[in-house]
J.: 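Below is the structure I would like to discuss, written out as structure tokens.
Reminder, nothing fancy here: chain letters follow the sequence lines and each chain counts from 1. Just so we're clear, the structure is a prediction, and the values are computed from it rather than from any experiment.
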Amino acid sequence: MPHNQRVRVRFAPSPTGPLHIGGVRTALYNYLFARKHGGDFLLRIEDTDSQRYVPGSEEYIIESLKWCGINVDEGVGADADGPYAPYRQSERKDIYLRYAMQLVDSGNAYFAFDTAEDLNTLRKEKESGGETFSYDASVRNSLVNSLSLPASEVDERIKGGDNWVIRFKMPENEEVMMTDLIRGDMTVNTSTLDDKVLFKSADGLPTYHLANIVDDHLMEISHVIRGEEWLPSLPLHYLLYKALGWEGSRPEFAHLPLLLKPQGQGKLSKRDGDKLGFPVFPLLWKAPDGDISSGYREAGYFPEAFVNMLALLGWNPGTEQEIFTMEELVEAFSLDRVGKAGARFNPDKARWFNAHYLHEKSDEELAELFLPVLKDNGVDIPVDSAAKAVGLIKERATFVGDMWELTRFMFFAPEEYDEKALKKSWNEGEKVRLEALAGTLREIESFDDAGAEERVRQWIAASGNPIGKVMNVWRIAVLGTNQGPNIFAISAFIGKDETLKRIDRALLTL
RNA sequence: GGUCCAUUCGUCUAGUGGUUAGGACGUCAGGUUUUCAUCCUGGUAACAGGGGUUCGAUUCCCCUAUGGACUACCA
């Protein structure tokens with residue numbers, strides 16, 4: 001392990017919009033790894049692309065992590081300033097140029113003056129001939145750069161204010177051997193690589209490649225855990241560590257498999273938004289242009305369900321356990337149990353996780369969450385009363401938001417009656433049955449009395465009415481439908497008067 | 001096109017040189033329930049294809065196919 005024994009990992013998103021669930025999973029795995037090894041989890045903002053910067057992204061990222069219970073130890077969003085501040089790359093500008101110059105001085109990089117237009121023209125020319133243009137050893141000497149130009153002209157151009165970039169001078173025909181904690185050993189020949197830009201002229205900022213390596217080194221990162229899309233640039237990063245003389249303290253790398261769309265092709269991307277019928281973002285996102293994308297939080301997911309679901313998308317504990325608290329995840333997590341292949345996101349399973357967590361919560365806890373929903377629907381009741389209602393229906397809910405439709409009949413008499421139910425179980429014979437039941441109910445002092453339900457059952461048995469028929473017609477009269485929870489419990493909840501009122505009304509109007 | 005990575009039920013996955021290839025979601029059936037849902041039980045369903053290596057390959061190797069990523073002065 002590099003530097004020291006301490007595990008230090010970072011999540012380093014760029015603020016180009018909301019974090020999607022793939023990004024959240026990367027953050028989660030980093031966090032779990034850090035906790036598991038008693039290390040640090042840092043949040044660094046990689047805002048080196050001034051063009052793509054989207055205001056609000058950073059706040060969104062911080063809030064998302066917070067909602068998930070992923071606590072940042074150091075960096076942006078941490079409680080206190082860390083020892084390696086600042087943690088926003090735009091605030092570290094000066095650092096990068098210094099290292100870029102070090103690379104130029106050591107012959108590992110060079111100035112290039114080619115304009116974007118010139119390069120585009122070259123690219124098009126090559127492509128029309130069926131070839132691909134690559135800024136590499138085969139062409140670098142014939143392009144406009146400090147390798148091809150006399151030193152005096154290079155100086156003049158720089159002093160004269162010409163636009164320049166710094167490019168990495170990719171070694172020729174060298175095998176780069178790399179190790180990935182998830183994929184094992186890999187070898188790539190440098191001849192297939194090009195001279196990547198390390199420092200841009202456009203905004204005076206480094207590219208990802210340089211900034212990333214410099215910051216990881218300076219911040220003493222021990223493990224880089226990131227998405228698989230970075231795998232192709234791993235050789236470049238290895239070479240950069242070597243060129244900067246940091247080979248001995250190079251972090252270890254782990255490239256996570258991608259999250260794929262539920263159906264169709266390709267990786268899950270930010271643009272998918274709500275087209276797929278489920279959120280791709282942890283929280284609701286309002287884009288600066290007004291576009292709104294839904295989030296798991298607003299869709300009613302519990303953070304623990306969301307995190308649990310995400311953790312198992314690409315990682316497994318090797319046991320048959322599927323339900324994990326964050327603490328249990330920390331305990332069980334290891335990089336060698338992360339899969340290699342991309343995982344297709346499954347919305348059904350996500351719902352199942354949420355239902356599971358919802359069913360595990362106490363009636364009181366759910367009632368607290370449900371109270372605002374009730375209020376929105378014009379129902380203002382104390383929390384213990386809400387808890388009773390919740391207790392009757394929670395088994396059939398997946399989200400707290402589902403609970404309103406499931407409980408509305410406890411607060412409002414039905415205005416319509418389900419036609420299928422009426423067809424099946426509402427006729428003159430059933431009405432007689434219901435009237436007889438009403439008579440019995442009327443004799444009961446209060447439905448809350450102990451033994452009240454037993455009295456009704458005794459009457460049913462004694463009267464010779466089939467219990468199913470009685471319950472069914474009772475349910476239709478009170479709820480307007482032939483399905484739902486225990487009808488006696490509901491009648492007790494709404495009370496004797498309301499129950500009889502609804503029965504009378506049904507008998508009269510139907 | 002080039003480079004790299006991957007491939008077990010529809011989906012997430014476990015697993016081994018010899019297993020009835022296991023679990024979960026979904027789905028189907030049955031049970032419980034006054035009904036629905038929950039819950040329980042059971043069923044369905046997979047080693048991409050072709051060559052090797054081997055007494056024996058899902059497992060090891062090669063090829064093909066398929067999927068994916070990357071191929072910007074984006075990350």
Side-chain angles (χ1 to χ4, degrees), chain A residues 12-16 46-49 51-52 112 114-116 119-120 123 127 130-135 163-167 178 180 182-183 186-189 191-194 196-209 211-212 226-235 255 257-258 260 262-263 265-267 309 312-323 337 339-353 355 359 393-398 406 421 424-425 457 460 466-476 479 481-488:
Chain A
S14 57
T16 55
E46 310 223 326
D47 52 351
T48 54
D49 185 355
Q51 298 295 308
R52 293 205 307 155
D114 318 88
T115 63
L119 293 177
N120 276 335
R123 205 163 274 135
E127 277 168 11
E131 289 173 277
T132 25
F133 172 78
S134 178
Y135 204 120
N163 278 339
W164 50 264
V165 300
I166 293 175
R167 283 183 182 271
M178 301 159 289
D180 181 274
I182 293 168
R183 273 148 237 280
M186 288 165 296
T187 306
V188 170
N189 190 294
S191 306
T192 65
L193 275 18
D194 64 349
K196 279 272 176 288
V197 170
L198 300 178
F199 206 90
K200 303 177 278 181
S201 70
D203 47 17
L205 285 166
T207 58
Y208 171 84
H209 303 294
N212 179 262
R226 78 231 291 198
E228 193 187 331
E229 67 268 26
W230 292 111
L231 204 49
S233 37
L234 186 57
H255 290 87
L258 264 12
L260 275 15
Q263 64 270 118
Q265 300 185 321
K267 67 169 178 174
M309 179 269 297
L312 257 27
L313 223 49
W315 169 86
N316 76 82
T319 66
E320 285 179 358
Q321 184 179 355
E322 286 206 283
I323 300 298
R337 294 210 63 91
K340 298 188 215 294
R344 211 173 271 279
F345 177 74
N346 183 343
D348 274 333
K349 189 96 183 215
R351 294 169 53 82
W352 176 80
F353 271 111
H359 298 162
I393 52 85
K394 77 170 174 189
E395 291 303 331
R396 54 198 75 211
T398 298
L406 293 166
K424 196 178 158 208
S425 321
R457 286 181 181 276
I460 292 171
I467 185 163
K469 296 264 188 195
V470 177
M471 297 295 189
N472 217 18
V473 74
W474 182 2
R475 177 175 283 107
I476 289 175
L479 311 180
T481 168
N482 58 357
Q483 57 186 49
N486 183 312
I487 184 60
F488 188 87

J.: Determine whether A:R457 and A:I467 make a side-chain contact, defined as any pair of heavy atoms from C-beta on separated by less than 4.5 Å.
T.: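 Sidechains of A:I467 and A:R457: in contact.
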
J.: Quick test: give all pairs of protein nitrogen or oxygen and nucleotides 42-46 of chain B nitrogen or oxygen below 3.5 Å, distance rounded to 0.1 Å.
T.:
none

J.: In whole Å, measure the gap between the C1' atoms of B:A14 and B:G50 for me.
T.: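 Rounded to whole Å, the distance is 27 Å.
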
J.: With a 4.5 Å limit on heavy-atom distance, are the side chains of A:L234 and A:R226 in contact?
T.: yes

J.: Please state how far atom CD in A:E322 lies from atom C1' in B:A14, giving the value in whole angstrom units.
T.: 11 Å

J.: Pick the C1' atom in B:G23 and in B:C62, then give their distance to the nearest Å.
T.: 33 Å

J.: Send over the distance from A:Y208 OH to B:U71 P, rounded to a whole Å.
T.: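 After rounding, the reported distance stands at 12 Å.
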
J.: For A:N346 and B:C25, is the shortest distance between a side-chain N/O and OP1 or OP2 below 4.0 Å?
T.: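 Indeed not, no polar side-chain atom of A:N346 lies that close.
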
J.: Tell me the interatomic distance from A:I323, atom CD1, to B:G23, atom P, rounded to whole angstroms.
T.: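 After rounding, the gap between these two atoms is 17 Å.
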
J.: If the cut-off is 4.0 Å, is A:K349 near the phosphate of B:G23, judged by side-chain N/O to OP1 or OP2?
T.: no

J.: Suppose you measure atom C1' in B:U27 against the same atom in B:U34; what distance do you get, rounded to whole Å?
T.: 28 Å

J.: Please work out if A:R226 contacts a base, only the sugar-phosphate, or nothing of the nucleic acid, heavy-atom cut-off 4.0 Å.
T.: nothing

J.: Applying ring-ring contact (aromatic ring centres under 6.0 Å, His included), name anything that partners A:H255, two or more places apart in sequence or on another chain.
T.: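 ring-ring contact (aromatic ring centres under 6.0 Å, His included) list for A:H255, sorted by chain: empty.
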
J.: Determine the Euclidean distance between corresponding C1' atoms of B:C9 and B:U58; express it in Å to zero decimal places.
T.: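 To the nearest whole Å, 14 Å.
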
J.: Which value, in whole Å, describes the distance between the P atoms of nucleotides B:A45 and B:C63?
T.: 34 Å

J.: Can you see if the side chain of A:T48 gets near the phosphate of B:A75 - specifically, an N or O under 4.0 Å from OP1 or OP2?
T.: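 True: A:T48 side-chain N/O within range (under 4.0 Å) of B:A75 OP1/OP2.
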
J.: Can a donor-acceptor pair under 3.5 Å be found between the side-chain atoms of A:T207 and the base atoms of B:C73?
T.: no

J.: Taking the side chain as every heavy atom from C-beta outward, state whether A:M471 and A:I460 have any pair of such atoms under 4.5 Å apart.
T.: yes

J.: So what does A:G314 hit on the nucleic acid, given a heavy-atom distance under 4.0 Å: a base, only sugar-phosphate, or nothing?
T.: sugar-phosphate

J.: Between the protein and nucleotides 1-6 of chain B, are there any N/O to N/O pairs under 3.5 Å, and if so, what are the atom names and distances?
T.:
residue: B:C5; atom: O2'; partner: A:R183; partner atom: NH1; Å: 2.7

J.: Tell me, do A:L231 and A:R183 make a side-chain contact under 4.5 Å, heavy atoms counted?
T.: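 The answer is yes; the side chains approach within 4.5 Å.
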
J.: Would you indicate what A:V197 reaches in the nucleic acid, counting non-hydrogen atoms under 4.0 angstrom: base, sugar-phosphate, or nothing?
T.: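 Touches sugar-phosphate only.
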
J.: Using the P atom in both, what is the distance from B:G51 to B:A57, to the nearest Å?
T.: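 Result for the P pair: 12 Å, nearest Å.
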
J.: Both distances under 3.5 Å, Watson-Crick or G-U wobble: report the partner of B:G30, or none.
T.: B:C40

J.: Figure out the CZ/C1' separation between A:R351 and B:G26, and round it to whole Å.
T.: 12 Å

J.: Any strand counts, and the cut-off is 3.5 Å on both contacts for Watson-Crick or G-U wobble. Which nucleotide pairs with B:C74?
T.: none

J.: For A:N482, which contact category applies under a 4.0 Å heavy-atom criterion: base, sugar-phosphate, or nothing?
T.: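 Here A:N482 touches the bases of the nucleic acid.
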
J.: Decide yes or no on side-chain contact (heavy atoms from CB on, under 4.5 Å) for A:V197 and A:Y135, but give the supporting numbers first.
T.: CA-CA 10 Å; A:V197 170; A:Y135 204 120; over 6 Å; no

J.: Rounded to whole Å, how long is the line connecting atom CZ of A:R344 with atom P of B:A69?
T.: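 About 11 Å, once rounded to whole Å.
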
J.: Looking at every strand, decide which applies to A:A343 at a 4.0 Å heavy-atom threshold: base, sugar-phosphate, or nothing.
T.: sugar-phosphate

J.: Measure the shortest side-chain to side-chain distance between A:P317 and A:W315 over non-hydrogen atoms and say whether it is less than 4.5 angstrom.
T.: yes

J.: Both distances below 3.5 Å, Watson-Crick or wobble geometry, any strand: find the nucleotide opposite B:U53.
T.: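 Paired with no nucleotide.
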
J.: Using Watson-Crick or G-U wobble geometry with both distances under 3.5 Å, which nucleotide pairs with B:U66?
T.: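 Checking every strand shown, B:U66 finds its partner in B:A6, with both distances under 3.5 Å.
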
J.: Answer with base, sugar-phosphate or nothing: what part of the nucleic acid does A:W230 contact at a heavy-atom distance below 4.0 Å?
T.: base

J.: What is the separation between atom CG on A:L119 and atom P on B:C74, rounded to the nearest whole Å?
T.: 12 Å

J.: Heavy atoms only, 4.0 Å cut-off, all strands: where does A:R167 land among base, sugar-phosphate and nothing?
T.: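 Answer is sugar-phosphate: A:R167 comes under 4.0 Å of backbone atoms only.
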
J.: By nearest atom, which of the nucleotides B:U11, B:A69, B:G26 is closest to the A:L258 side chain?
T.: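 From the listed options, B:A69 comes nearest.
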
J.: Please list, chain by chain and in numerical order, all residues satisfying salt bridge (Lys or Arg N to Asp or Glu O under 4.0 Å) with A:D203, sequence neighbours excluded.
T.: A:K200

J.: Please encode protein proximity along nucleotides 29-34 of chain B as a string of B, S and -, counting only heavy-atom distances under 4.0 Å.
T.: -----B

J.: Walk me through whether A:F353 and A:L312 qualify under side-chain contact (heavy atoms from CB on, under 4.5 Å).
T.: CA-CA 11 Å; A:F353 271 111; A:L312 257 27; 3.8 Å; yes

J.: Atom CD in A:Q51, atom CG in A:L205: separation rounded to 0.5 Å?
T.: 10.5 Å

J.: Check whether the side chain of A:R52 and the base of B:C74 form a donor-acceptor pair under 3.5 Å.
T.: yes

J.: Would a 4.5 Å heavy-atom cut-off, applied to side chains only, mark A:F345 and A:M309 as touching?
T.: yes

J.: Over how many whole Å does the gap from A:Q321 atom CD to B:G22 atom C1' extend?
T.: 17 Å

J.: Taking atom P of B:G22 as reference, at what distance in whole Å does atom CD of A:E320 sit?
T.: 11 Å

J.: Are there any protein N/O atoms within less than 3.5 Å of an N/O atom in nucleotides 59-61 of chain B, and if so, which ones and at what distance?
T.:
none

J.: Measuring only the P atom in each nucleotide, how far is B:A21 from B:C47? A whole number of Å is fine.
T.: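 My reading of the P atoms in B:A21 and B:C47 gives 12 Å.
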
J.: Looking at the side chain of A:R337, which of B:G26, B:A69, B:G15 is the nearest nucleotide?
T.: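 Closest of the options to the side chain of A:R337: B:G15.
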
J.: With both distances under 3.5 angstrom, what nucleotide forms a Watson-Crick or G-U wobble pair with B:G17?
T.: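 Partner of B:G17: none found under 3.5 Å.
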
J.: Applying a 4.0 Å non-hydrogen cut-off, can you work out what A:N120 is touching in the nucleic acid: base, sugar-phosphate, or nothing?
T.: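 The answer is nothing, as A:N120 stays clear of every strand by at least 4.0 Å.
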
J.: Is it the case that A:N482 and A:R475 place a side-chain donor and acceptor less than 3.5 Å from each other?
T.: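 No, because no side-chain N or O of A:N482 sits under 3.5 Å from a partner of the opposite role on A:R475.
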
